[in-house]
Amino acid sequence: MTGGEYTFSVRPTRKPVSAAERSALLADPGFGRVFTDHMVTIRYSEAKGWYDPRVEARKPIPMDPATAVLHYAQEIFEGLKAYRTPDGGVTLFRPDANARRFRESALRMAMAPLPEELFLGSLEELIKIDHEWVPDDPEGSLYLRPFMYANEVFLGVKPSSEYMYVLIASPVRSYFKGGAKPVSLWVSTSYTRAAPGGTGAAKCGGNYAASLAAQAEAAEHGCDQVIFLDARRMKYIEELGGMNIFFVHADGHLVTPPLSGTILPGITRDSIITLARASGREVEERPVTFDEWRTGTASGEIVEAFACGTAAVITSIGTVRYADGEFTMPNKGKGKVAASLRKTLVDIQRGRAKDRYGWVRRVL
Ligand SMILES: *Cc1c(COP(=O)(O)O)cnc(C)c1O
């Protein structure tokens, strides 16, 4: 199959999972533990550019112990979902936005940017060969995980001269174990996620590695997730470890922190802003202090808060705990606006509502 000037060589696995075993796995896949039969790989070298795009059996990747990514963490990734449509087809939601962000993450990490047509071509190829793994229950989807790492065998500190792009896929149901239950947050004042000039806006594995100690601290305080403050003043709300945040005010308008370089530009965030504005709801992108959130909730000015990202879509925030105390959002965090925006977005993603923005791309 061709992705523009590129042709993927396709070698189907000789040992696909049986239909019976696949249905058993799809009945309760959890999140990120079950994988499809195939993967896509594309290589890059300074001399050859991008070459050898292939679809083959999913299998371990042998690696020399001096491979650069193992030492200096030059690695980026993406995450998006393929959905089963009511008529049995398969669609993607805004994959061009993921392709663009993947390029931007690559540039920030001094990596070779993958041409967007190759990124999109890889998604189509994997879905074509593994389409039977796209769940057809209304809560399920096929989570696609494109990633790329420095593949040069060399211990020097410099941008790698070789990269490996890989795409794998995992059928999923709901991201958080409790389903649509509101999440509790721990406001970290011992750790930050991203500093001005740092890598906060790039989707790189290193950001997640740096967030895990904070996430562990959240768990010690009985919270589901950590929420980070800005690194400079420890005052402004930024985002969760892997989700952006919105506040709903009493008059119905939304507020979300601005993309200032330390926040990951979420595609869910951007979609919510567009949909909310289209429905006549005002959306402000402006700094929000933790103090504004706390006192605004107490006074009744802020009535809901929710987190958003591809994996969990929109999740209401319930209890917020911090070093000196805690508070809980009204109605234990069961937000009406969050639920309604979630339905609007999911209905478009799943082909149950009209897509007025050209966001949905049919692949099968
Ligand atoms: C991926 C990610 C998000 C959400 O982005 P979406 O495009 O909406 O999935 C938010 N924050 C961080 C840190 C992320 O890595």
Side-chain angles (χ1 to χ4, degrees), residues 31-32 73 75-83 92-106 108-109 116 119 123 141-148 169-170 172 174-176 183 185 188 191-195 198-215 218 224-231 236-246 254 256-276 283 285 305-315 317 338 341-342 344-346 348-349 357 359-361:
F31 194 98
E75 189 269 353
I76 57 170
F77 66 95
E78 270 301 329
L80 70 164
K81 286 172 171 173
Y83 304 90
L92 291 168
F93 184 71
R94 306 187 69 181
D96 50 316
N98 295 92
R100 208 174 317 123
R101 189 169 66 189
F102 198 64
R103 280 181 65 88
E104 277 154 20
S105 297
R108 175 62 185 84
M109 305 305 285
E116 289 175 26
F119 182 95
L123 302 175
S141 55
L142 184 65
Y143 185 78
L144 298 158
R145 168 51 59 87
F147 61 102
M148 176 165 80
S170 170
V172 298
S174 76
Y175 183 70
F176 289 120
V183 289
L185 299 187
S188 180
Y191 300 104
T192 58
R193 196 191 80 89
T199 58
K203 212 165 172 73
C204 62
N207 287 343
Y208 280 74
S211 77
L212 295 177
Q215 180 62 36
D224 300 315
Q225 293 280 309
V226 60
I227 173 117
F228 290 103
L229 300 175
D230 76 291
Y236 296 98
I237 300 288
E238 296 227 306
E239 63 172 314
L240 282 64
M243 298 176 90
N244 298 116
I245 189 167
F246 280 83
L254 302 181
T256 190
L259 300 178
S260 52
T262 54
I263 291 177
L264 197 290
I267 296 160
T268 316
R269 174 189 181 278
D270 184 75
S271 305
I272 289 167
I273 292 174
T274 302
L275 292 172
V283 184
E285 294 179 76
F306 61 85
C308 66
T310 296
V313 195
I314 290 179
T315 306
I317 294 164
L341 284 167
R342 183 189 167 92
T344 306
L345 179 56
V346 171
I348 295 173
Q349 289 173 333
Y357 306 97
W359 284 343
V360 174
R361 177 187 290 232

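Position 1 is the first residue of the sequence; numbering continues from there. Counting starts at 1 for both ligands and their atoms, following the listed order.
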For Pro258 against Ile263, the heavy-atom pair lying closest together
O-CD1, 3.4 Å
Looking at ligand 1, does any of its N/O atoms fall within less than 3.5 Å of an N/O of Phe77?
no
Residue of the set Arg103, Lys203, Arg101, Arg94 for which salt bridge (Lys or Arg N to Asp or Glu O under 4.0 Å) holds with Glu78:
Arg101
Which of the listed options, Gly242, Gly309, Ala312, Ser271, holds the heavy atom that is closest to atom 10 (C) of ligand 1?
Gly242
Taking non-hydrogen atoms only, is Arg193 closer than 4.0 angstrom to ligand 1 via side chain, backbone, both or neither?
side chain
Asn244 and Leu264 have their tightest heavy-atom pair at ND2-O, 3.0 Å
Selection from Arg94, Glu238, Lys203 by shortest heavy-atom distance to atom 2 (C) of ligand 1
Lys203
Taking only heavy atoms of Tyr208, which atoms of ligand 1 are found under 4.0 Å from at least one of them?
2 (C), 12 (C), 13 (C), 14 (C), 15 (O)
Please list the nearest protein heavy atom to atom 5 (O) of ligand 1 with its residue and the distance rounded to 0.1 Å.
Gly266 CA, 3.4 Å
Nearest-neighbour protein heavy atom for atom 8 (O) of ligand 1, which is reported as residue plus atom name and distance:
Thr268 OG1, 2.6 Å
Would Thr310 count as a polar contact of ligand 1, with the cut-off being nitrogen or oxygen pairs under 3.5 Å?
yes
Enumerated ligand 1 atoms positioned under 4.0 Å from heavy atoms of Glu239:
10 (C), 11 (N), 12 (C), 13 (C)
Closest non-hydrogen contact found for Leu123 with Pro146 is CD2-CG, 4.3 Å
Report yes or no: does a heavy atom of Arg101 sit under 4.0 Å from some atom of ligand 1?
yes
Please confirm whether Gly241 comes under 4.0 Å of ligand 1, counting heavy atoms of the residue only.
yes
Hey, does Thr268 have a side-chain heavy atom less than 4.5 Å from the side chain of Gln349?
no
Restricting to non-hydrogen atoms, name the atom on Glu116 and the atom on Ala99 that form the minimum distance, rounded to 0.1 Å.
CG-CB, 3.8 Å
Identify the heavy atoms of Asn207 and Thr199 that sit nearest to each other, and give their distance.
OD1-OG1, 2.7 Å
Measure up the Phe246 and Phe306 rings against each other and bin them: parallel (under 30°), tilted (30 to 60°), perpendicular (over 60°).
parallel
